[in-house]
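Reading through the structure tokens given below for one structure.
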Protein chains: 2
Amino acid sequence: MNQRQALTAFAALSQETRLQIIRLLVVAGPEGLAAGALAEKVEVSPSNISFHLKELEHSGLIDAQRQSRSIIYTANYESLGGLIRFLMEDCCSGHPEICAPAAAVTTCCAPKMEEKLQ
Amino acid sequence: MNQRQALTAFAALSQETRLQIIRLLVVAGPEGLAAGALAEKVEVSPSNISFHLKELEHSGLIDAQRQSRSIIYTANYESLGGLIRFLMEDCCSGHPEICAPAAAVTTCCAPKMEEKLQ
DNA sequence: TTCATATTTCAATAATCCTCGAAAAATTGA
DNA sequence: TCAATTTTTCGAGGATTATTGAAATATGAA
């Protein structure tokens with residue numbers, strides 16, 4: 001993930017409807033959600049959800065895949081992880097001792113690592 | 001960091017000049033940089049840097065502090081960390097096993113933790 | 001084929017954001 | 001006080017982005 005990609009990812013996440021979509025898709029997991037289901041959940045019109053889904057897809061944060069009449073969207077965990085990495089590396093490129101507390105964040109993703117540290 | 005705060009933070013980071021500012025301030029550390037110095041480094045006019053600094057300050061990602069004639073800006077590591085946490089918690093609220101690789105990110109911030117795991 | 005479902009595309013409008021330059025504030029030194 | 005330095009504020013413009021509804025596309029079922 002380079003700076004240009006990060007820019008478009010941040011732009012994609014800086015709109016309420018799109019941020020809601022991402023959060024729903026992340027929770028939905030690999031099975032994803034259809035465009036129509038997303039439109040219902042975030043309460044916007046089909047054409048509007050389509051517009052925002054295209055933006056998110058273009059940024060690489062989500063993937064699309066047709067399944068019968070529906071188009072199923074899924075979160076792209078790699079690019080989400082890449083964005084997090086971009087933020088943290090920026091952080092640490094300066095003064096690691098200052099931003100070390102941010103490392104505590106991992107307790108939600110790496111409980112096993114936490115156990116080992118007990 | 002709630003969703004509303006994350007939205008404004010993402011909006012703040014979704015503009016090239018502002019992203020450059022953040023990266024410079026993170027590297028600069030607690031001593032920060034004056035508005036004029038930032039304007040030189042990113043090669044924009046004083047009024048333009050002022051506009052973007054205000055946006056960043058409003059989002060909480062940076063802090064300002066007058067020092068003689070200059071105004072020194074510093075990165076706010078807490079809010080940056082909060083944003084990272086927001087992204088990761090979203091990530092993990094779904095399927096932790098999928099986004100666990102993102103935990104590898106911490107190797108840049110918490111070398112000591114890595115050592116313990118050897 | 002015809003119809004219903006699901007989604008996208010398009011054009012127009014509305015809203016927001018960015019840039020620029022001139023003027024105004026705040027601070028310091030002569 | 002006057003002048004120089006540093007930064008901000010303001011208004012106008014141009015550019016980008018969001019919303020809306022109507023029409024088009026794709027798929028599957030009758």
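Letters A, B, ... are given to chains in the order of the sequence lines, protein chains preceding strands, and every chain is numbered from 1.
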Could you list the donor-acceptor pairs under 3.5 angstrom formed between side-chain atoms of residues 27-44 of chain A and any protein atom two or more places apart in sequence or on another chain?
none

Which nucleotide of DNA chain D is the first, and which the last, in the 5' to 3' direction, to come under 4.0 Å of a heavy atom belonging to chain A? D/dA18 to D/dG28

Protein N or O to nucleotides 16-26 of chain C N or O, pairs below 3.5 Å:
| from | atom 1 | to | atom 2 | distance (Å) |
| --- | --- | --- | --- | --- |
| C/dC18 | OP1 | B/Arg18 | NH2 | 3.0 |
| C/dC18 | OP2 | B/Arg18 | NH1 | 3.3 |
| C/dT19 | OP2 | B/Asn48 | ND2 | 3.2 |
| C/dT19 | OP2 | B/His52 | NE2 | 2.7 |
| C/dG21 | O6 | B/Ser47 | OG | 3.3 |

State whether the number of non-hydrogen atoms from other residues, nucleotides or ligands found under 6.0 Å of A/Glu57 atom CD is greater than 12. yes

With sequence neighbours excluded, residues passing side chain to side chain contact (heavy atoms under 4.5 Å, CB included) with B/Glu16: A/Gln3, A/Leu7, B/Gln20

If you look at every strand shown and take non-hydrogen atoms under 4.0 Å, does A/Ala34 touch a base, only sugar-phosphate, or nothing? sugar-phosphate

For A/Ala11, give me all partners under side chain to side chain contact (heavy atoms under 4.5 Å, CB included), at least two apart in sequence or on another chain. B/Ser14

A/Ile49 CD1 - C/dT9 P separation (whole Å): 15 Å

Using side chain to side chain contact (heavy atoms under 4.5 Å, CB included) as the criterion, list what pairs up with A/Ile71, not counting sequence neighbours. A/Ala64, A/Arg66, A/Tyr73

Nearest non-hydrogen partners of A/Ala12 and A/Leu61, listed with the distance: CB-CD1, 4.0 Å

Within the 4.0 Å heavy-atom criterion, would you say A/Ser70 contacts the bases, only the backbone, or no part of the nucleic acid? sugar-phosphate

Contact class for A/Ser50 vs. all strands (heavy atom < 4.0 Å): base, sugar-phosphate, or nothing? base

Using whole Å, report how far CD of A/Gln65 lies from C1' of C/dT7. 16 Å

For residues 46-53 of chain B, which side-chain N or O atoms pair as donor and acceptor with protein atoms under 3.5 Å away, sequence neighbours left out?
| from | atom 1 | to | atom 2 | distance (Å) |
| --- | --- | --- | --- | --- |
| B/His52 | ND1 | B/Arg18 | NH1 | 3.1 |

Please identify each residue that fulfils side chain to side chain contact (heavy atoms under 4.5 Å, CB included) with A/Gln5, with sequence neighbours left out. A/Met1, A/Asn2

If only side-chain N and O atoms of A/Tyr73 are considered, is one of them under 4.0 Å from the OP1 or OP2 phosphate oxygen of C/dA6? no

